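Just so it is clear, the model here is predicted, and its values are computed rather than measured. A, B, ... follow the sequence lines: proteins, then strands. Residue 1 opens every chain.
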There are 4 protein chains.
Amino acid sequence: MKNSFGNSVSITLFGESHGAAIGAVLDGLAPGIPVDEGFIAAQMQKRKGLAELSTKRREKDEVKILSGVFNGKTTGTPITFLIENNDKKSNDYSDLRYFPRPSHADYSAHCKYHGFEDYRGGGHFSGRLTAPLVAAGAVAMQALERKGIFIGTHIFECATLRDNAFADYQREIAFLKQAEFPVLNNSVAQQIRQVIGKAAEVGDSVGGILETAVIGMPAGVGEPFFDSLESALAHAMFSIPAVKGVEFGMGFDIAKYLGSKVNDEWRMEEGKAVSVTNHNGGINGGISNGMPIIFKTAVKPTPSIFKDQRTINLATGENATIKIKGRHDPAIIHRARVVADSMTALVLCDMLALRFGTDYLAN
Amino acid sequence: MKNSFGNSVSITLFGESHGAAIGAVLDGLAPGIPVDEGFIAAQMQKRKGLAELSTKRREKDEVKILSGVFNGKTTGTPITFLIENNDKKSNDYSDLRYFPRPSHADYSAHCKYHGFEDYRGGGHFSGRLTAPLVAAGAVAMQALERKGIFIGTHIFECATLRDNAFADYQREIAFLKQAEFPVLNNSVAQQIRQVIGKAAEVGDSVGGILETAVIGMPAGVGEPFFDSLESALAHAMFSIPAVKGVEFGMGFDIAKYLGSKVNDEWRMEEGKAVSVTNHNGGINGGISNGMPIIFKTAVKPTPSIFKDQRTINLATGENATIKIKGRHDPAIIHRARVVADSMTALVLCDMLALRFGTDYLAN
Amino acid sequence: MKNSFGNSVSITLFGESHGAAIGAVLDGLAPGIPVDEGFIAAQMQKRKGLAELSTKRREKDEVKILSGVFNGKTTGTPITFLIENNDKKSNDYSDLRYFPRPSHADYSAHCKYHGFEDYRGGGHFSGRLTAPLVAAGAVAMQALERKGIFIGTHIFECATLRDNAFADYQREIAFLKQAEFPVLNNSVAQQIRQVIGKAAEVGDSVGGILETAVIGMPAGVGEPFFDSLESALAHAMFSIPAVKGVEFGMGFDIAKYLGSKVNDEWRMEEGKAVSVTNHNGGINGGISNGMPIIFKTAVKPTPSIFKDQRTINLATGENATIKIKGRHDPAIIHRARVVADSMTALVLCDMLALRFGTDYLAN
Amino acid sequence: MKNSFGNSVSITLFGESHGAAIGAVLDGLAPGIPVDEGFIAAQMQKRKGLAELSTKRREKDEVKILSGVFNGKTTGTPITFLIENNDKKSNDYSDLRYFPRPSHADYSAHCKYHGFEDYRGGGHFSGRLTAPLVAAGAVAMQALERKGIFIGTHIFECATLRDNAFADYQREIAFLKQAEFPVLNNSVAQQIRQVIGKAAEVGDSVGGILETAVIGMPAGVGEPFFDSLESALAHAMFSIPAVKGVEFGMGFDIAKYLGSKVNDEWRMEEGKAVSVTNHNGGINGGISNGMPIIFKTAVKPTPSIFKDQRTINLATGENATIKIKGRHDPAIIHRARVVADSMTALVLCDMLALRFGTDYLAN
């Protein structure tokens, strides 16, 4: 299905950037899970990012839950999250109607939808659609936390800057949960904020790399081949707009080494099998092995920049130049981290429910 | 589904390394497509790799087609590919029964299947299972070629060596189709062969990075969000054993640049929209944009090495040491390229059939 | 997926009878299809049924379209239908909390959701959830009509009364489209209204059998075995609350005859293959054969009746008696016909898009 | 997917009547379930039916298990069942090439596959394809029996004859398990055998109605709306060739009664909730309620009869007459009962695994 994902726990996404509302339907989550609307709001706030580094479009992003929650707990039937679009300036887009913005979905969407697509603000392709994913993900994350499974994501790289890698997972995930700006090393955090600010000043944008860690995941979850945990997580991550790469454990770097240098040997530790290293990122043969799940996600620079760019006129078939107006993010990497957490949580809830049944996360 | 993948065109995979046979069922492919068993055999041969650089297990890999082909053409109903396992030496594995091999699926599979899994030669998790994928992929590739869609994969990196990137797609894809060893630059090819040979000599292994290109893909195929072309292709690639990373276009590198440096501007060229650069790898918003689709896949070093490695004894819960015996590949990167081509072909057939109907690839 | 259905064109359903709102997300419908909100409203009106024969709960059932429609036409991205619940009397249900109503889903839902389900008015299991299906189905029906495919459903049986079978499809389907009460034979219509009215007077309820016809369906749509057109249509029909049987063509009666009496022989008629009879209801081997598709659906009497009924107390585990209060339908058969039309339209849109591509229904 | 069915436990079917082999891949079944090849053979024998009442095509139907079983138990990975076609007489079909047999899939398949379909013996549409379903179903049935879930099917009606309805489930299901001819009432059994024999003598055929019962199914399994237990079971039943109707509990008859006559009231019995009657066939709101699951399936008369029938010539577009040759069943109802059991078992394994996890059926 096109805008649905998951098997036992699934998400369906709808809406356009400048339509009436955006939202998501989360189905299959176990009954009896407390839904903390305060936590949802906190996650929405993280997704907004720091005001000075983010779009000037200021949506309240109030999440209304229309179904599936009764007396503060999940019922087990579909949970619907609705977010109204209030701060639209659709006129900013009327000039762009026939001029596909470079590296946006405008041209490919036009080829698919033959001009009937809602072109305003990227329509259904807008990063704004990640807001309901974050709302759904907040409920999923809370369900997982009750089972001792915690997820956190930080900016690992931005431009030439690099944060510390995860090392002390539990503490760092807790830190990220309350962090305004998701960087582990404070001085790197300051530098990244400057880099983003500087890009904004000159009407340009930057990208970055996210690192996500999951702790507490039981071993034995995932499938060989097509529903490998890596396949499912990558599928989910690549559905986030602007993502261009996903790697697990050492990822691309592992290709540089001899097997003897990167194999993860096994040891018993306090009666539990652990690997001495975790170059595979907690997954072997597509199945969780009990170690932390670690992966990185590459996010491209926001394609909306305030510079002259070459494009074409879809109406006339001629070459053209555009200069994008409107309110845009100089970077989305700091906002995307909570989207990465959310998609991860949704995938894991699904995989756990498939493995251990629909009551696994229930009260 | 666990060992099935695809919607309109789907593949189901079965078998174990040391069982009676392995195979695949390819369903949904259009009727009337000529099936060239010679091409299937040629692809199987590419998957075997150069004898001197590959496992000494010498399977004939004769592909029997049990259904779905009539008078040399696809019928439109399920095509079954069967490959018998002939050259098994299961005794090599009896010592390993309770000792999970580092970086293999042994331990995670044990957690999932509780000891009932066929542990011999990795059982269902063996790279051998990619053989029927290649057989199915061969039929899919031929179907695509009749529509002008061509796929090729080369070793982009191995250890510290780097091949030329794709530049002259049509010629290079044609070259790779008949190449024994899939490297574009001949002197790099020699060096990579030496690196693999040297690893074999010392009982070690190497990994690498594959680069895949698809040309001729029409614009407008793929879905926003969860069935993005990137999601589907990455899902497929991560189902290949040993893959740890997938990236499209510039991939992880794109995160280092300003938006103004990496946006793909549009131009008209001979009445057709083309992008000046292709940093996005032919996909915007999850949908093909008519440019070549380009992605890279990281393959880890074969985890089977002939050195002492630390592990645990699953029967006793104690630490242990193993030394793997048997016949193993010092590298699979040169063999995996045809698996990458095959999975790509299967994904594209599915996406094209969803977009344009089940007759799109028909005679 | 649990509350989602369909592959290329899919529907996701959400909401509870006494929650804030109910709705559906319709995904995958081709772009450029005109959406006539007047027709949606007309269909909603048919679903309400005649006021004197239907529940006294009087919902306005105003359908808000939140996404997927732009400038009056489908965009190709998810269409969201939202209907607010306004006329709720949840107090009617507080007494029933622990007393499962006979032949309702109360007890089975309790076993599944462990008491966290929204029990008010049947919660997610309410027939009210069919309202958004009708809204989505209205768009699907209009898309089909533009391709010459028309659907109609009438009450074939109610109690001991029997309507005429379909005979003059085109005319009768057109008649049903505007009929207030869906019975072909006018005198039977009057009698059925009386039967329903009489049941209402005594606090009882009646069921019935619907007959659905589809004309204009091209031959060659559907799959052998698991995605047979019969499987898909039956799957959809059995998802309508209160449906207990589905049969195609002669259905159960065909079992009584010799093959020589019921085989559908083929003839050429005006250059087109037609069958002399249509005992198979337009489907052979799971695939449409170009004849009208005919099936019947059995709808049980509304389980809510105003009589003392034996039940149990879920809180104490003791036997008990309940008398249902509230506002209920003495029959739903006359309202369900438009739900049958809608589900049929959704299935056919999906099957046609799979067969002929996502643009098949496009402008 | 087209020839695949199920989510957590799935089946993929392949083969043609006159091809090399037919088979099925059963994926997702829990590890550690004993596989009794003797029981598989016994089920295959039941599917063959009594020699004097069945096709003269005498296939050995030896089931080879190619994967997924190790040391006599399921591994948890795909189980492949292969059955070779040995007794083919394809010449019987060469005359029929362009003459679609009435009530067979020949014409609709031709419209779908454009003449590339394997037309011999119905090709992929042959009832012969149910043989691997029975093999897979045998494993599924044994898995269920270990959890106390038992399934049985008898001929409820054939021509004007009617068997006793199920009454003493446990005893009758046990009886059917070893019965050569699946009729509860012995004198009715004799009469039905005569009716089938008489049809055979005159080159005609008969159909019938099957009644299936499931006991021991836990309450709380199934989904509201689209994955209702009724939807899933009906989907599966309608994928069996020749099935034209499915009804649960009272089925179509329920439409004749007042709600007060057919509602299933609840009582406590030995600490367990039971319904006084079971007119709903063990399912409310799409979810099992703990009572026996009861449904009926209508099977049409075998369309192959040895009489002159009118048809068309697909090559010339002219009217024609055919007389079918070859070896055909005068009835399949007595053979289909084990197919109904098998499909039921596969659906229930899937639903139970989704509900309670993939280990639910494990050793």
Best-contacting candidate, [options], against chain D by heavy atom pairs under 4.5 angstrom:
options	result
C:Gly207, C:Ala232, C:Pro330	C:Gly207
C:Cys158, C:Ala199, C:Pro301, C:Gly285	C:Pro301
C:Asp106, C:Asn289, C:Leu314	C:Asn289
C:Ser205, C:Gly271, C:Gly6	C:Ser205
C:Glu318, C:Gln309, C:Arg267	C:Arg267
C:Gly220, C:Pro218, C:Ala234	C:Gly220

Where on [X] is there a heavy atom nearer than 4.5 Å to chain C: the side chain, the backbone, both, or neither?
X	value
D:Thr311	both
D:Ser126	backbone
D:Ser103	both
D:Ala331	neither
D:His114	side chain
D:Val262	both

Check each atom of [X] against the heavy atoms of chain D and say whether the ones under 4.5 Å are side chain, backbone, both or neither.
X	value
C:Val206	both
C:Tyr113	side chain
C:Thr321	neither
C:Thr297	backbone
C:His104	backbone
C:Lys272	neither
C:Ser231	both
C:Leu133	side chain
C:Val276	side chain
C:Glu157	side chain
C:Met237	neither
C:Asp204	side chain
C:Ser4	backbone
C:Tyr257	backbone

Quick one: of [options], who has the most non-hydrogen atom pairs under 4.5 Å with chain C?
options	value
D:Ala255, D:Gly245, D:Ala273	D:Ala255
D:Ala105, D:Pro224, D:Gly251	D:Pro224
D:Thr277, D:Ile254, D:Val221	D:Ile254
D:Ser260, D:Ala236, D:Pro100, D:Cys111	D:Ser260
D:Pro241, D:Gly203, D:Pro303, D:Gly281	D:Pro303
D:Thr160, D:Val299, D:Leu233, D:Leu13	D:Leu13

(request) Would you please indicate yes or no on a ring centroid separation below 6.0 angstrom for C:Phe125 and D:Phe225? (result)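 Not close enough - the centres of the two rings lie 6.0 Å or further apart.
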
(message) For the CD atom of C:Glu247 and the NZ atom of D:Lys296, what is their distance to the nearest 0.5 Å?
(response)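 NZ of D:Lys296 is found 12.5 Å from CD of C:Glu247.
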
(request) Would you give the length of the straight line joining atom NE2 of D:His235 to atom CZ of C:Phe238, rounded to the nearest 0.5 angstrom? (result)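 So the NE2 of D:His235 and the CZ of C:Phe238 are separated by 13.0 Å.
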
(request) Taking the side chain as every heavy atom from C-beta outward, state whether C:Asp264 and D:Pro102 have any pair of such atoms under 4.5 Å apart. (result)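 The answer is no; the side chains never approach within 4.5 Å.
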
(message) Ring-plane angle category for C:Trp266 and D:Tyr107, please: parallel below 30°, perpendicular beyond 60°, tilted otherwise.
(response)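 Plane angle between 30° and 60°, so tilted.
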
Heavy-atom donor-acceptor pair, [X] side chain to [Y] backbone, under 3.5 Å:
X	Y	answer
C:Lys244	D:Gly249	no
D:Asn319	C:Met268	yes
C:Glu265	D:Arg310	yes
D:Ser108	C:Asn284	yes
D:Lys112	C:Gly222	yes

(request) Decide side chain to side chain contact (heavy atoms under 4.5 Å, CB included) for C:Met343 and D:Phe226; before the verdict, give the C-alpha distance in whole Å, the side-chain angles of both, and the deciding distance to 0.1 Å. (result) CA-CA 11 Å; C:Met343 288 306 303; D:Phe226 307 120; 3.6 Å; yes

(request) Kindly check if the number of other-residue, nucleotide or ligand heavy atoms within 6.0 Å of CZ (C:Phe306) is above 12? (result)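 For C:Phe306, atom CZ is crowded (more than 12 foreign heavy atoms under 6.0 Å).
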
(request) Start with the C-alpha gap between D:Lys300 and C:His279, add the side-chain angles, then the distance that decides, and say whether side chain to side chain contact (heavy atoms under 4.5 Å, CB included) holds. (result) CA-CA 10 Å; D:Lys300 72 179 181 185; C:His279 300 314; over 6 Å; no

(message) Distance alone, cut at 3.5 Å: any donor-acceptor contact between the side chains of C:Asn263 and D:Lys307?
(response)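 Note: C:Asn263 and D:Lys307 side chains miss the donor-acceptor criterion.
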
(request) Heavy atoms only: give me the nearest C:Ile209-D:Phe252 pair and the separation to one decimal. (result)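 That closest heavy-atom pairing would be CD1-CD2, 3.7 Å.
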
